[in-house]
Structure formats: structure tokens, C-alpha cells
Amino acid sequence: MTSENVEFDRSLLGQEFPSGNYEVTSDVIKSYSTAVGETNPIHFDENKAKQSGYRSIVAPPTIVNILIRSLGRPKVNLSFNGMTAHAGQSLESFAPICAGDTIGAKTLLKDVYTKTGRTGTMAFVVWETVFSNQNDELVAKARESFFTQK
Amino acid sequence: MVRFFHEIELGDDIDPIETTITTDQVKFFQSTWGQGRTLLTGSGFTIEEDKPSRFTSDEVAISEGLAGAVVPGIMHMGIVSRLVTDWIPTAKITHLDVIWRQFVPHNKVLKIGGIVTDMRKEEGKGICEADISLDSEIGRHVTGKVIFSVDLE
């Protein structure tokens with residue numbers, strides 16, 4: 001699907017960029033949950049979380065989004081240089097992320113393509129990121145699409 | 001409050017959420033994940049510095065051609081996911097797919113809703129799919145799909 005009519009650093013396509021690790025603390029889970037308006041006690045109270053079958057306070061599955069933001073990806077060097085913004089995001093959750101877990105991520109440039117609509121031609125850059133915990137268990141996979149105007 | 005699969009029917013509306021995301025809430029969200037700091041260490045790449053952005057500053061947003069500061073997509077994605085878990089606290093979201101159609105502004109009443117479009121039983125769990133949306137007086141901002149599992153009983 002990758003378009004021929006857009007220039008970018010094609011050497012990045014399919015290349016996997018591993019990150020370091022991040023320890024998910026109960027404070028981060030509580031802050032994130034508060035920020036998105038969660039009220040479910042499994043995100044705030046360890047006893048309630050354990051009563052619900054979790055090892056500890058459990059994070060909302062969307063918490064991996066805050067890790068994506070700090071991946072520090074290489075520049076794609078698109079030939080389009082207008083405003084860039086999020087076009088869409090897909091998140092799959094395979095296992096809970098609990099306080100005390102250490103999460104690592106690997107991200108790769110999945111695709112770059114163009115589309116032309118009413119506002120002109122836009123380039124779409126698609127990144128895929130997988131998250132694993134300290135037991136090498138896959139916990140989540142995210143696919144993000146960003147558009148850049150010409 | 002819905003708790004079990006047998007209480008849900010195809011075509012059910014998910015209890016909607018109505019909320020307003022203020023500028024202060026966005027700033028708090030940004031602070032929770034330490035915008036500008038490296039959370040995942042050792043990636044070897046430069047992280048953007050903490051500075052005013054289209055998410056926190058009207059001035060920056062307007063300079064980028066927007067009407068004003070906007071809510072980060074990852075923030076309202078988190079709020080959209082609450083649609084399911086506010087409705088069924090024991091539900092587990094396995095897949096959330098959103099498409100942003102236009103920026104979400106600060107300080108506007110947002111209505112998040114959904115409708116159950118598919119139901120099945122798999123491996124002792126009830127699986128539901130729902131179409132979801134986020135709207136304001138301006139129009140539709142987000143569409144998407146969510147898949148979640150629910151206890152059978």
C-alpha cells in the first residue's frame with residue numbers, strides 16, 4: 001500500500017525500534033485514571049482490584065497511549081511539511097497492566113501512503129507498537145495513523 | 001447497571017456519557033504522563049521538550065491554523081473507553097479503534113455514545129461489539145468501534 005508519490009526515509013519501513021522499560025506505579029495509574037475521569041475502584045484501590053481478580057491496582061487499557069508518546073521515534077523525513085495530526089488509533093489489549101509491572105515497547109513504521117480529499121492531498125504515516133511486560137507477555141498492540149498536509 | 005451478557009441485547013444503546021474537558025483537565029492529563037520526559041528509557045531518540053503546544057495553548061493552536069487549543073487524541077480516547085466500563089464495570093475492553101474526524105475543542109459539552117452491533121459467546125465469555133461516537137455542538141469528532149468481553153453470569 002505504500003505510496004510511490006511521497007518521499008520519506010524508506011529505510012525505516014518495517015524496521016523495529018525497541019525502547020527501554022517503564023515501571024508502572026500505582027501513582028501513575030491513579031493519576032491517569034483520574035485524568036480520564038475513571039471512577040472504577042479497581043484503578044484506585046488495591047483491595048478492590050484483588051477482589052476483582054487482579055494482582056494489584058489495574059490500569060485502564062488505554063494507559064499504553066502515554067508510553068507511546070515517549071517512544072521517541074526517528075524522523076520519517078516526509079516530503080509533506082504541513083500540519084501533522086492524529087488520524088486514528090487502534091488498540092488491542094491482551095493482558096492487564098497492573099501496578100508494579102515493567103513494560104517495554106517495540107515500535108515499527110508500518111506504512112506511508114497518500115490520499116486526496118476535499119482539502120487536498122495528505123500523507124498518512126502508520127506506526128505499530130507492541131507492549132510486553134516483565135514476563136515477556138504481550139500485553140497490548142497499538143496502531144497509530146498520523147496525517148500530514150502537503 | 002448492566003453486569004452480565006444476558007442483560008444486553010443487539011441494538012442496545014450504551015448509556016451515554018456527557019462531559020466537558022477543561023483546559024485545566026488537559027494540563028493535568030499532560031502532567032500525569034510527564035510530557036517532555038522520557039518514560040521509556042534507552043530508546044536513544046530525542047524527546048520533545050515540555051513546551052506550550054496546541055493541546056495547552058490557544059496561541060500555539062491558532063498559529064497552527066486551529067480555532068483554539070484542542071484535547072489530545074489519547075486523552076479523549078481514554079474517556080471514550082469509559083463508555084463501556086461506566087456501563088458495565090466488569091467489562092474488559094479487548095479492542096478499541098477510533099478515527100478522528102475533527103479536533104476536539106476544550107470547554108465544549110461532549111456527548112459520547114454507542115450502540116451494540118454484534119454479540120457472541122466465546123470461550124465461556126460474552127463478546128460484544130459496539131459502534132461508538134463522540135459529538136459536540138460542532139458536529140461529530142470521533143467514530144469508532146469497541147470490542148469487549150462480559151461475564152455470562
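These values consider heavy atoms only, across backbone and side chains, with no hydrogens, waters or symmetry-generated copies. Below, chain A is the first sequence line, B the second, and so on; all start at residue 1.
Side-chain atoms of B:Ile112 and B:Ile132, non-hydrogen and from C-beta on, never get closer than 4.5 Å to each other. By the 4.5 Å heavy-atom criterion applied to side chains, B:Ile74 and A:Thr62 are not counted as neighbours. At least one side-chain heavy atom of A:Gln89 sits under 4.5 Å from a side-chain heavy atom of A:Asn65. The closest side-chain heavy-atom distance from A:Tyr32 to A:Val24 is not below 4.5 Å.
The residue among B:Met77, B:Gln25, B:Lys145 with the most heavy atom pairs within less than 4.5 Å of chain A is B:Met77. Ranking A:Val28, A:Thr107, A:Thr84 against chain B, the residue ahead of the rest is A:Thr84, based on heavy-atom pairs under 4.5 Å.
Relative orientation of the B:Trp100 and B:His76 rings is perpendicular, given thresholds of 30° and 60° on the angle between their planes.
Between A:Val139 and A:Ile103 the shortest heavy-atom distance is CG2-CD1, 4.2 Å. When every heavy atom of A:Pro60 is checked against every heavy atom of A:Ile29, the shortest pair comes out as CD-CG2, 4.5 Å.
For B:Lys92, the part lying near chain A is the side chain, with the backbone staying farther off; criterion is any non-hydrogen pair under 4.5 Å. Contact of B:Thr94 with chain A is made through backbone and side chain together, with heavy-atom distances under 4.5 Å. Of the atoms belonging to A:Ala85, heavy atoms from both backbone and side chain fall under 4.5 Å from chain B. The contact between A:Pro61 and chain B is made entirely by side chain atoms (from C-beta outward), counting heavy-atom distances below 4.5 Å. Neither the backbone nor the side chain of B:Arg101 comes within less than 4.5 Å of any heavy atom in chain A. Heavy atoms of A:Ser31 lying under 4.5 Å from chain B belong to its backbone as well as its side chain.
Interface residues of residues 59-71 of chain B toward chain A, defined by a heavy-atom distance below 4.5 Å and sorted by number: B:Glu64, B:Leu66.
Ion pair B:Arg120/B:Glu129 flagged as a salt bridge, since at least one NZ, NE, NH1 or NH2 atom sits closer than 4.0 Å to an Asp/Glu carboxylate oxygen.
A donor and an acceptor atom, one from each side chain of A:Thr116 and A:Thr121, are located under 3.5 Å apart.
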Kindly list each side-chain donor-acceptor pair under 3.5 angstrom involving residues 36-44 of chain A, sequence neighbours excluded, with atom names and distances?
{"from": "A:Asn40", "atom 1": "OD1", "to": "A:Ile42", "atom 2": "N", "distance (Å)": "3.2"}
{"from": "A:Asn40", "atom 1": "ND2", "to": "B:Pro89", "atom 2": "O", "distance (Å)": "3.2"}
{"from": "A:His43", "atom 1": "ND1", "to": "A:Val58", "atom 2": "O", "distance (Å)": "2.7"}

